[in-house]
Every structure is written in C-alpha cells, then in structure tokens.
2 protein chains.
Amino acid sequence: MSPRAALLPKLGEVFRTYGYEGASLTLITAATGLGKGSLYHLFPGGKAQMAKEVLAEIDQWFEREVFAPLRDREDAKAGIAHMFKATDDYFRSGRRVCLVGVFALGAARDEFADAVQGYFDRWREALAGALRRAGHPRAEAMELSEDILAGIQGALVLARAADDPKLFSRSLTRLKRRAASR
Amino acid sequence: MSPRAALLPKLGEVFRTYGYEGASLTLITAATGLGKGSLYHLFPGGKAQMAKEVLAEIDQWFEREVFAPLRDREDAKAGIAHMFKATDDYFRSGRRVCLVGVFALGAARDEFADAVQGYFDRWREALAGALRRAGHPRAEAMELSEDILAGIQGALVLARAADDPKLFSRSLTRLKRRAASR
DNA sequence: GTCTATATAGGGATAGAC
DNA sequence: GTCTATCCCTATATAGAC
C-alpha cells in the first residue's frame, strides 16, 4: 500500500467533517500525523489536489462496491440489495455524512463539479438500470432512482441535524421496501 | 424596517452560498455594502451572532409560512398544499439550497445545534400532524413526514450537484403526490 | 452609525536542513 | 520523505476618528 493510499481515508474524514473550506492544514496535519512539508511533498497541488484525490478514491470505492454490482449482477434484485447494504456500511448507519453531498452544497461544488456530478449521475443511472431489470417500468425506474438517491442524501442531512443515526436506518429500510415493491 | 432586519437576508445568502466557515467578513462586507466597523457595531458577537440571527429569521419565516399553516388550517390538505408551495418558493424551485441543511452537514452544526435541530423537528412534527388529520394512519403519517423532509433536503443536494433545478421540481411533485395518496 | 487603520492569529504554501 | 522555519496573505476582531 502506497503511503498516499493510506493517507486518503484520513484526509477524507477531515474534509467530510469540516468541509472543504473548514479543512485547514492544521486539522489535516493533526489527523494525518504529517507536517505541512510532507503533505506538500505528497500533494504539490495542496488542498485542492488532496480533495481531488479523495473524491477519486471515493468514486472508485462506489464504482466497485455499488455501481458495478448494480450494473453487472445477473440478479438485479441482489444488486440492489447489495447497494443498500454497502450504503449502510459506508455511511456507518447514519453516523457519517456524505462528503460528496457536503461538497455539492458548498462553494467547492464548482471547483470539483465533474467529480460531484459524476458520482451522483453514475449512481442514479446504475440504479435506474437495475430497477428496470428488476421489473419496474422504465419511467418509474427513473423516478424511483431519483427518489432513492435523494432519500439517502436527505436522511443523512436529517440524521446529522437531529444527531440521531437511527433516522437514517429507518429511512433506508423504507427506501429498500419501495425498491422491492414490484 | 430596522437596518438589521434589512441586513439579515443578505447575510443569509452569504452563509447559504459559502457555508459558515466559508463566509468571510470580506464576502459579507461585499454582500451588505457595510464595512467591518458597521457590522461589529450591529453584531458585537461577530459572525456567530450574525449566523444565529439569520437562523432565527429563517425559523420565523417557516413558522409563519409553513409550520403554522400545517398546524392550524382547518383543512389539513390545504395546509399541506400550502407547505409545498411555500417550500418551492423559498428554495426558488431548486436554485437555492437550504442554509439549515448546509449547517447541519458541517462542523457548525454543533455550535448551532438548537436552531438546526428545532427547525427540522418542528417542521416534521407539524407535517406529521397535518398528514394525520388528512387521513393517514398515525404510524404512516410519521414515516411519511420523515420521507418528505428527507426528500426535500436530498433533492436540494442532488439539484445543486447536477446544477439542474428541475430535479428539485420533479421530486417535489412526486412528494406532493405521496402526501395526497389517501 | 459608518468608516479607516490596526492588532493579532491563522490560513496556505515554500525553502532548505536533515 | 520528513521536519522546522519562514513567507505572505487573509482571517476575525477592535479602536477611534468622523
């Protein structure tokens, strides 16, 4: 494992918790145990490069654990079930927010527009395809995929607002049910 | 209208756009046309006080335009319809994100926990009551109120991520339909 | 009540020793 | 590859003239 690969999850947690603007190099050095010199040696582009690589790593994780199963599994329903499980794991059952969502809402969205847009877009598209293959009519699969993604993001917002992870679990359960309703 | 009251909406837009950490006094002076001296004269508590008062003003607006109608309208369905209309207006049909949601996701949540928690909580409670009176069974009204709030917040995230306000309008239409389905 | 000037701290980023 | 020291800029906040 390259030193950089070991670093990305720690960087991710800082950006996730404090947002792009709030993630100061001081916080980053504390979280990683590396001095600024080392950080700039590894990421000459500074904070922007760190964020880009974190986003890319998240994208890869979802591509492997979520999007690909949705697209490729013979059994579409199993792919969808796998998505819900992976989503619950990734967001720690509501104790963790979505870094891409945090970036999407803030001013950083524009600087990282491609990554932000691509993440949700490919998720939605893969999900819509699976729903379609699981028996939902085309138009309904499109709508439902939007509802499910929005439901997940919204539940993360509400769970963090209320400081109540269970809210996320409850929402996820109902979304699962809607996905299966056919 | 007090000078302070005229200021709050402008402050709100800065916090909404840049988040609490990202909303620098330089951006705030640009948006308000006031120098730092004037700002500290009006808000001795600095940024934190500005944010608190902005949150309070938003809370008042929703209390008047959304929560009260949900609670008090004789015709519960009319109250719900009014909520959707006011919500669409407030978020400019998806071109504006939710400041409380932005705060909820970030590190500022803890400093403004009461305002953030109260906003969603009272919204959800008022909506659940109206759904109940509109004919939804108690348990279902509770769940549906959570789904609708999460749907709204999530749609705002996705609409901004995709830079496509229509996504918000579509979602809102479907949420309206679910609220009416009984 | 508004401004300019200033104080002090922390921001991101770089240089160079080791 | 990591650190410390340092640069320059912007941050929040204050003081005091007008």
Side-chain angles (χ1 to χ4, degrees), chain A residues 1-57 99 102-103 105-113 115, chain B residues 1-57 99 102-103 105-113 115:
Chain A
M1 200 180 193
S2 75
R4 156 190 243 97
L7 223 49
L8 291 178
K10 295 178 185 180
L11 292 175
E13 288 313 309
V14 181
F15 284 122
R16 192 189 308 280
T17 306
Y18 300 97
Y20 183 67
E21 290 84 3
S24 69
L25 288 187
T26 304
L27 286 167
I28 292 173
T29 55
T32 58
L34 285 180
K36 297 181 191 182
S38 308
L39 289 170
Y40 275 90
H41 176 76
L42 288 163
F43 304 93
K47 249 174 78 164
Q49 186 184 350
M50 297 181 208
K52 272 215 176 77
E53 295 201 19
V54 165
L55 286 168
E57 199 225 10
L99 187 148
V102 171
F103 274 37
L105 282 186
R109 195 223 86 117
D110 295 340
E111 188 170 354
F112 305 101
Chain B
M1 199 181 196
S2 74
R4 161 190 241 95
L7 223 49
L8 291 178
K10 294 178 185 177
L11 291 176
E13 287 313 308
V14 182
F15 284 122
R16 192 190 306 280
T17 306
Y18 299 97
Y20 184 66
E21 291 84 4
S24 70
L25 289 187
T26 304
L27 286 168
I28 293 173
T29 56
T32 58
L34 286 180
K36 298 179 191 183
S38 308
L39 289 170
Y40 275 91
H41 175 77
L42 289 162
F43 304 93
K47 248 175 81 166
Q49 187 184 349
M50 298 180 207
K52 272 215 176 77
E53 296 202 19
V54 165
L55 286 168
E57 198 226 10
L99 186 147
V102 170
F103 274 37
L105 283 186
R109 194 222 88 117
D110 295 339
E111 188 170 355
F112 306 101

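Below, chain A is the first sequence line, B the second, and so on; all start at residue 1. Quick caveat: nothing in here was measured; it's all calculated off a predicted structure.
As judged by a 4.0 angstrom heavy-atom cut-off over every strand, B/G35 is placed among residues touching the sugar-phosphate backbone only. Here B/G46 lies in heavy-atom contact (under 4.0 Å) with sugar-phosphate atoms only. Contact annotation for B/G45: no contact, since no heavy-atom pair falls under 4.0 Å across all strands. Within 4.0 Å (heavy atoms only), B/K36 reaches at least one base atom of the nucleic acid.
Residues A/L34 and A/L39 share a closest heavy-atom pair of O-CD1, 4.1 Å. Residues A/A23 and A/V14 come closest through the heavy atom pair CB-CG1, 3.8 Å. Residue B/P9 comes nearest to B/A6 through the heavy atom pair CD-O, 3.5 Å, listed as atom of the first residue, atom of the second, then distance. The two residues A/Y20 and A/A108 make their nearest non-hydrogen contact at CB-CB, 3.8 Å.
You can see that DNA chain C meets the heavy atoms of chain B within a 4.0 Å-exclusive cut from C/dG1 to C/dT4, reading 5' to 3'.
For residues 9-30 of chain A, the salt bridge (charged side-chain N to carboxylate O under 4.0 Å, His left out) pairs, not counting sequence neighbours, are A/E13-A/R16, A/E13-A/R96.
Between the B/K47 side chain and the B/L25 main chain, no donor and acceptor come within less than 3.5 Å of each other.
Comparing B/G33 and A/P44 along DNA chain C, the residue whose closest nucleotide (by nearest heavy atom) sits nearer the 5' end is B/G33.
Residue-environment remark: OH (B/Y18) stays at or below the threshold of 12 foreign heavy atoms within 6.0 Å.
For the pair B/R4 and B/F43, the cation sits on the ring face: its NZ or CZ lies under 6.0 Å from the ring centre, inside 45° of the axis.
In the region residues 5-25 of chain A, proximity to DNA chain C at under 4.0 angstrom, judged on heavy atoms, holds for A/A23, A/S24, A/L25.
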